[in-house]
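Computed from a predicted structure; not experimentally measured. Convention: sequence-line order gives letters A, B, ...; per-chain numbering from 1.
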Protein chains: 2
Amino acid sequence: MASRPARRPAASAARAQLNPVDGLAQLSFVIQRMLERRAAEHDLSIAQTRLLGVLRDRKPTMNELARLLDLDKSSTTGLVDRAERRGLVARVPSTTDRRAVLVSLTDSGRSLVSQASARFEADVLTMLGLLPPRDREALSRLVSRLLVTHAADQGIDLFTSVNAEDC
Amino acid sequence: MASRPARRPAASAARAQLNPVDGLAQLSFVIQRMLERRAAEHDLSIAQTRLLGVLRDRKPTMNELARLLDLDKSSTTGLVDRAERRGLVARVPSTTDRRAVLVSLTDSGRSLVSQASARFEADVLTMLGLLPPRDREALSRLVSRLLVTHAADQGIDLFTSVNAEDC
DNA sequence: TATTGTTATACTCTATAACTATA
DNA sequence: TATAGTTATAGAGTATAACAATA
């Protein structure tokens, strides 16, 4: 929703504060837009970017990939088809199960995702750089704490689980 | 990207911290997923939800709507078509310009977006509730400060501009 | 029989280009 | 001529259901 404007009563905009929900919602849109913009520079959609991101340190089967991306396996087939057509990923038959295929990043795909990543990271760091160092550090610490707590609440160990990674 | 795992060296996961970029990226995905999930409960996509959200306090022309949503006018036509077919919005001919149409929320649309909003807000508040009150307040303040600073940096007054609202 | 992956199909979302009806 | 909106068309992304090959 990132819903209505948090249309503050009036007056001192300089010190006004968004309500917590609107703040987090808006922040999520700002960050997604940064990601989208940088991905688009390389003709990547968010979906393609997620795919490449997940493959940076894995070589999963289609099935595992579908679980990692939280998509239906048929959607994953299509996603991989289009990436493969562009030479960004490759399908490799599994040696242990003749039904299965492994999906892996090509050099070209790896290079593309690295470039987009780097630009995106720079965007976020630039935005963070607008805050005084003390605020910046505090924010990072709190965001991290929130994510870890939230993940734990969902029964996920952020630092071990495969699901919490790569979005 | 919400990129690689921030695969910490090892050890004490309890005190480990995500790097700032990954933290914000992951947070944005978590929040978007909450929004998506709640919208889906009412058979709404993110796009439809944004549309309804924007219309909560406006009755724009198609043209204005396209600008508000940052979409091509033809995309907006389709979006409104589908929402209208479901009875969530209505097209009203402009009285001042016979080429133009105004788009407005129906009661049904307003009710739907309110319900989805409420559920989403509850989700975010629940997540925030996992933090101790002091952390929660600090986080809200910092997020707000970051958004205001970032908006200012882009030449936007978060509290006046039409663009910063509703995502 | 169960699982892996693909195909067939359908719908949403988005954009570009061409069109119409006003202005 | 210029603007407001729609239509025609095309492609990405997603899901469900049915299917072939293998386990």
Round to a whole Å and report the spacing from [atom1] of [X] to [atom2] of [N].
{"X": "B:M62", "N": "C:dT14", "atom1": "CE", "atom2": "C1'", "result": "14 Å"}
{"X": "B:L71", "N": "D:dT6", "atom1": "CG", "atom2": "C1'", "result": "16 Å"}
{"X": "B:I46", "N": "D:dT14", "atom1": "CD1", "atom2": "P", "result": "12 Å"}
{"X": "B:R67", "N": "C:dA15", "atom1": "CZ", "atom2": "C1'", "result": "19 Å"}
{"X": "B:L88", "N": "C:dT12", "atom1": "CG", "atom2": "P", "result": "12 Å"}
{"X": "A:D81", "N": "D:dT14", "atom1": "CG", "atom2": "P", "result": "13 Å"}
{"X": "B:R91", "N": "D:dG5", "atom1": "CZ", "atom2": "P", "result": "10 Å"}
{"X": "B:E36", "N": "D:dG13", "atom1": "CD", "atom2": "P", "result": "14 Å"}

Any luck finding a side-chain donor-acceptor pair between B:S74 and B:D72 under 3.5 Å?
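Result is yes, a qualifying pair exists.
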Going by distance alone, is a donor N or O of one side chain under 3.5 Å from an acceptor N or O of the other, for A:S117 and A:R56?
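A:R56 and A:S117 do have a side-chain donor-acceptor pair below 3.5 Å.
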Closest-nucleotide mapping onto DNA chain C: is A:R99 or B:D97 further toward the 5' terminus? I mean the 5' end.
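Closest to the 5' end, via its nearest nucleotide, is A:R99.
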Does [N] have OP1 or OP2 under 4.0 Å away from a side-chain N or O of [X]?
{"X": "B:R98", "N": "C:dA23", "answer": "yes"}
{"X": "A:S75", "N": "D:dA15", "answer": "yes"}
{"X": "A:N63", "N": "C:dG5", "answer": "yes"}

Taking the nucleotide of DNA chain D with the nearest heavy atom to each, does B:T76 or A:K73 sit closer to the 5' end?
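In this pair, the answer is B:T76.
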Relative to the 5' end of DNA chain D, which residue comes earlier, A:D72 or A:Q48, by the nucleotide with the nearest heavy atom?
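So the residue in question is A:Q48.
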Scan B:T61 against the nucleic acid and name what it touches under 4.0 Å (heavy atoms): base, sugar-phosphate only, or nothing.
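Here B:T61 touches the backbone only, sparing every base.
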With a cut-off of 6.0 Å (strictly less than), are more than 12 heavy atoms of other residues, nucleotides or ligands near CG of B:D81?
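Check passes, neighbour count above 12.
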A:M34-A:L130 co-clustered via ILVMFWY side chain contacts under 4.5 Å
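A:M34 does not cluster with A:L130.
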No-H, no-angle donor-acceptor pair, A:S74 side chain to D:dT16 base, under 3.5 Å
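Answer yes: a donor N or O sits under 3.5 Å from an acceptor.
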Kindly say whether B:D107 contributes a backbone atom to a donor-acceptor pair with the side chain of B:S111 at under 3.5 angstrom?
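No; judged by distance alone, with no hydrogens or angles, the pair does not exist.
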Measure from the side chain of B:A47, starting at C-beta and using heavy atoms only, and say which of D:dT14, C:dT14, C:dG5 lies closest.
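Nucleotide nearest to B:A47's side chain: C:dT14.
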